[in-house]
Amino acid sequence: MNITDVRVRKVAKEGKMKAVVSITIDDEFVVHDIKVIEGEKGLFIAMPSRKATDGEYRDIAHPINSVTRDRIQTMILDKYQEVMAEETDEQIEAAAE
């Protein structure tokens, strides 16, 4: 399995959720609504989920082992940091003009 695309949409409002991400796997399958969240120990991802009848949230799609989860999380957080750095660079350039 190869993650062939990562698209980050920054969340405009303040709060713990920083971005919503879509990943493409092998140029053939897309998973939307992966959330980038700021936790007490730093950034992490939350897979797409929905609220069950018992009030608990259950993942709709998720990796079945920790190695795959870590690989997906690393790729997403690296792309998120890249997008944030580009945005900061653009703001600095705009301020300098």
Side-chain angles (χ1 to χ4, degrees):
M1 177 187 86
N2 293 309
I3 298 172
T4 52
D5 190 30
V6 178
R7 296 185 186 224
V8 176
R9 294 181 312 278
K10 188 176 174 242
V11 174
K13 63 183 178 179
E14 290 295 318
K16 293 182 184 237
M17 188 167 60
K18 301 300 180 185
V20 178
V21 177
S22 296
I23 62 170
T24 303
I25 300 167
D26 294 328
D27 286 322
E28 296 178 351
F29 189 82
V30 177
V31 179
H32 295 291
D33 296 332
I34 300 171
K35 296 164 192 70
V36 175
I37 299 177
E38 180 76 51
E40 291 180 13
K41 297 178 183 175
L43 295 172
F44 67 94
I45 63 167
M47 297 305 289
S49 62
R50 82 167 111 191
K51 195 173 190 176
T53 54
D54 63 4
E56 293 289 319
Y57 283 88
R58 300 227 178 9
D59 287 350
I60 295 168
H62 60 87
I64 58 172
N65 61 56
S66 60
V67 172
T68 303
R69 176 178 274 282
D70 290 343
R71 198 169 91 211
I72 291 170
Q73 179 164 285
T74 298
M75 289 190 78
I76 288 172
L77 295 181
D78 287 351
K79 183 68 173 185
Y80 173 77
Q81 296 294 355
E82 182 183 314
V83 167
M84 295 307 294
E86 287 173 3
E87 187 175 284
T88 300
D89 290 346
E90 289 171 5
Q91 290 172 349
I92 291 170
E93 289 173 8
E97 292 178 353

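Reckoned from all heavy atoms, side chains included, excluding hydrogens, waters and symmetry mates. This chain uses plain numbering: 1 for the first residue, then up along the sequence.
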Next item on the list: Carefully, step by step, assess Arg69 and Ile45 under the rule side-chain contact (heavy atoms from CB on, under 4.5 Å).
Entry: CA-CA 9 Å; Arg69 176 178 274 282; Ile45 63 167; 4.1 Å; yes
Note to self: Ile23 vs Ile34, test: side-chain contact (heavy atoms from CB on, under 4.5 Å). Steps then yes/no.
What the structure shows: CA-CA 8 Å; Ile23 62 170; Ile34 300 171; 3.9 Å; yes
Next item on the list: Go through Lys18 and Leu43 one step at a time and tell me if the side-chain contact (heavy atoms from CB on, under 4.5 Å) criterion holds.
Entry: CA-CA 9 Å; Lys18 301 300 180 185; Leu43 295 172; 4.2 Å; yes
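Exactly one residue among Ile72, Asp70, Ile64 makes a side chain to side chain contact (heavy atoms under 4.5 Å, CB included) with Thr68. That residue is Ile72.
Transitive grouping of hydrophobic side chains (ILVMFWY, heavy atoms separated by less than 4.5 Å) brings Ile76 and Ile25 into a common cluster. Residues Leu77 and Ile37 do not share a hydrophobic cluster, clusters being chains of Ile/Leu/Val/Met/Phe/Trp/Tyr side chains in contact below 4.5 Å. When hydrophobic clusters are built by joining Ile, Leu, Val, Met, Phe, Trp and Tyr residues whose side-chain heavy atoms come closer than 4.5 Å, directly or via intermediates, Phe29 is grouped together with Met47. Under a hydrophobic-cluster definition in which Ile, Leu, Val, Met, Phe, Trp and Tyr are linked whenever side-chain heavy atoms come within less than 4.5 Å, directly or via other members, Tyr57 and Val20 are assigned to different clusters. Follow the hydrophobic side-chain contacts under 4.5 Å out from Met75 and you reach Met1 in the same cluster.
Heavy atoms from other residues, nucleotides or ligands lying under 6.0 Å from CZ of Phe44 number more than 12.
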For residues 48-56, run the donor-acceptor check on the side chains, cut-off 3.5 Å, and write out each pair with its distance to 0.1 Å, sequence neighbours left out.
residue	atom	partner	partner atom	Å
Asp54	OD1	Glu56	N	2.9
Asp54	OD1	Arg58	NH1	3.3
Asp54	OD2	Arg58	NH2	3.0

Under 3.5 Å, which donor-acceptor pairs link side chains of residues 5-16 to any protein atom two or more places apart or in another chain?
residue	atom	partner	partner atom	Å
Asp5	OD2	Arg7	NE	2.6
Asp5	OD2	Arg7	NH2	3.3
Arg9	NH1	Ser22	OG	3.4
Lys10	NZ	Glu87	OE2	3.3

